[in-house]
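Numbers restart at 1 for each chain; the letters A, B, ... are given by sequence-line order, proteins then strands. Below, each value reflects all heavy atoms present in this structure, side chains not excepted, and no hydrogens, waters or symmetry copies. All values reported here derive from a predicted model rather than from experimental measurement.
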There are 2 protein chains.
Amino acid sequence: MDQAVRSAVKAATADCDRNAWDAGNCPVRDVMNRISGKWSTLLLEALAEKPHRFGELRRLVPDISQRMLTQTLRDLQRDGYIEREVFPTKPPSVEYRMTPLGRSLFGPLSKVLAWAAENHDAVRAARRSFDDAGLA
Amino acid sequence: MDQAVRSAVKAATADCDRNAWDAGNCPVRDVMNRISGKWSTLLLEALAEKPHRFGELRRLVPDISQRMLTQTLRDLQRDGYIEREVFPTKPPSVEYRMTPLGRSLFGPLSKVLAWAAENHDAVRAARRSFDDAGLA
DNA sequence: CAGGATCCCTCTAGATACTG
DNA sequence: CAGTATCTAGAGGGATCCTG
C-alpha cells in the first residue's frame, strides 16, 4: 500500500476516533454501509457496463425480489451513484444509469471485486482448513 | 477501469450467472458478504497497521461489543485474512495479525476506504438533495 | 485477559398481493 | 412495465453474566 492511500485511510480513521466511530460521521462506515448491502455491488456491476431498465436488472440478478431491487436502486440513487430517468411511454419504462460519482466509486470498488474473483478459491480453502481443524 | 479489471469482473459475473448467483458460488457475494459486516473493515484497518491484542482492538473500536469483536475476528480468521496467536502467559494474551491473504485483500480494499474518506461530502450532499426533492 | 453462554431485540430481506 | 403495501421469518447485533 502506498503512502498516499495510507494517509488517506488514517485521516478517515482519525475522523472516526473524534466522533467515537459514529456511523453518521465516520466516512468509512457511512459509505461502506451502503455498498455492502447484499445487492448493491451486483447492481453497480451491472450498471457500470451500461444503462439498464428495471426489468433488465431483474433478469440480470434473477434471485433478487422486486421489493429489494426497488429499494436498493433508490438507496444507490439517494447517495448519488446512479440516476433514474422515466420515459413517459405506455407502458412506462425507466432507465437507470451510473453517475460520474458512481463511476468514480466503481473504479476502486471493481478492483476489490476482481480480487474476490481471483482469490475466491484461496478463501474457500482457508475456510475449509479452519473448519477441519475443529474450530468451527 | 482498465481492461484487465473489466474482464476479471466479467468472469466473476459469468460464474454467478451459471450458478444463478448462488451466494456460496458467487465469488463477489461470497467475499463481499464477509468484509461488508459492520465491523470487518474497521478491524482490518486496525490490523493492517500492526498486530494487536484483543484488548487493544476493543479500545481502538470503542463501540463494538465484546461478543461482536470475538465473532468478527473469528470470521476473519476463518476466511484466512487474519491469524490468531495465543501466548500462554498468566493471564493469557492473544495477538491478532494479518496474513498475506489479508494484506492482498487490503490493498484494493484500502483504495475504496480512501475513496470513502475523500468523497464522503459528495455523498452526503447527494443524499440531502435527494431528500429535499421530496423523494425520501 | 480473553473470551464463552445466554437472552433479547431491531432491522433486513423475502413472499405475496395489488396498482398507475 | 415498474413499481407500492403489508406481513413475517431470520439474521445481525447488543447487554449481561460467567470462566480458564
Legend entry - Side-chain donor/acceptor contact of A:Gln71 with base of D:dT4 under 3.5 Å: no
Legend entry - Donor/acceptor link under 3.5 angstrom from A:Gln66 side chain onto base of C:dG14: no
Legend entry - Note: B:Glu56-B:Arg58 ion pair, threshold 4.0 Å (strictly below): no
Legend entry - Phosphate-side-chain proximity, B:Arg53 and C:dA2, N/O vs OP1/OP2 below 4.0 Å: yes
Legend entry - Check: B:Arg103 and B:Tyr81 side chains under 4.5 Å, non-hydrogen atoms: no
Inset, instruction - Using whole Å, report how far CZ of A:Phe54 lies from P of C:dG20. - result: 17 Å
Legend entry - salt_bridge(B:Asp131, A:Arg78) N-O dist < 4.0 Å: yes
Inset, instruction - Measure from the side chain of A:Ser93, starting at C-beta and using heavy atoms only, and say which of D:dA2, C:dG4, C:dA2 lies closest. - result: D:dA2
Legend entry - d(CZ, B:Phe87; C1', D:dG20) in whole Å: 19 Å
Inset, instruction - Please answer whether the main-chain N or O of B:Met32 pairs with a side-chain N or O of B:Ser36 as donor and acceptor at a distance below 3.5 Å. - result: yes
Inset, instruction - Could you state the atom-to-atom distance from CG of B:Asn33 to C1' of D:dA11 in whole Å? - result: 12 Å
Inset, instruction - Give the rounded distance in Å between these two atoms: CG of A:Leu60 and P of D:dA2. - result: 13 Å
Inset, instruction - Nearest-nucleotide wise, let me know which of A:Pro92 and A:Ser65 is further upstream toward the 5' end of DNA chain C. - result: A:Ser65
Legend entry - Interatomic distance where NE2 belongs to A:His52 and C1' belongs to D:dC1 [whole Å]: 17 Å
Legend entry - B:Arg29/A:Asp63 ion pair, N-O < 4.0 Å: yes
Inset, instruction - Could you tell me the separation between the CG atom of A:Leu57 and the C1' atom of D:dC1, rounded to a whole number of Å? - result: 13 Å
Inset, instruction - Look at all strands and tell whether A:Lys38 reaches a base, only sugar-phosphate, or nothing, counting heavy atoms closer than 4.0 Å. - result: sugar-phosphate
Inset, instruction - Taking only the side-chain nitrogens and oxygens of A:Tyr96, find out if one of them lies under 4.0 Å from OP1 or OP2 of D:dG3. - result: yes
Inset, instruction - Report the residue (A:Pro91 or A:Arg74) whose heavy-atom-nearest nucleotide on DNA chain D is the more 5′ of the two. - result: A:Pro91
Legend entry - Side chain of A:Met68 (C-beta onward), nearest among C:dA2, D:dT4, C:dG14: C:dG14
Inset, instruction - Could you tell me whether the phosphate oxygens of C:dA17, OP1 or OP2, come under 4.0 Å of any side-chain nitrogen or oxygen in A:Arg67? - result: no
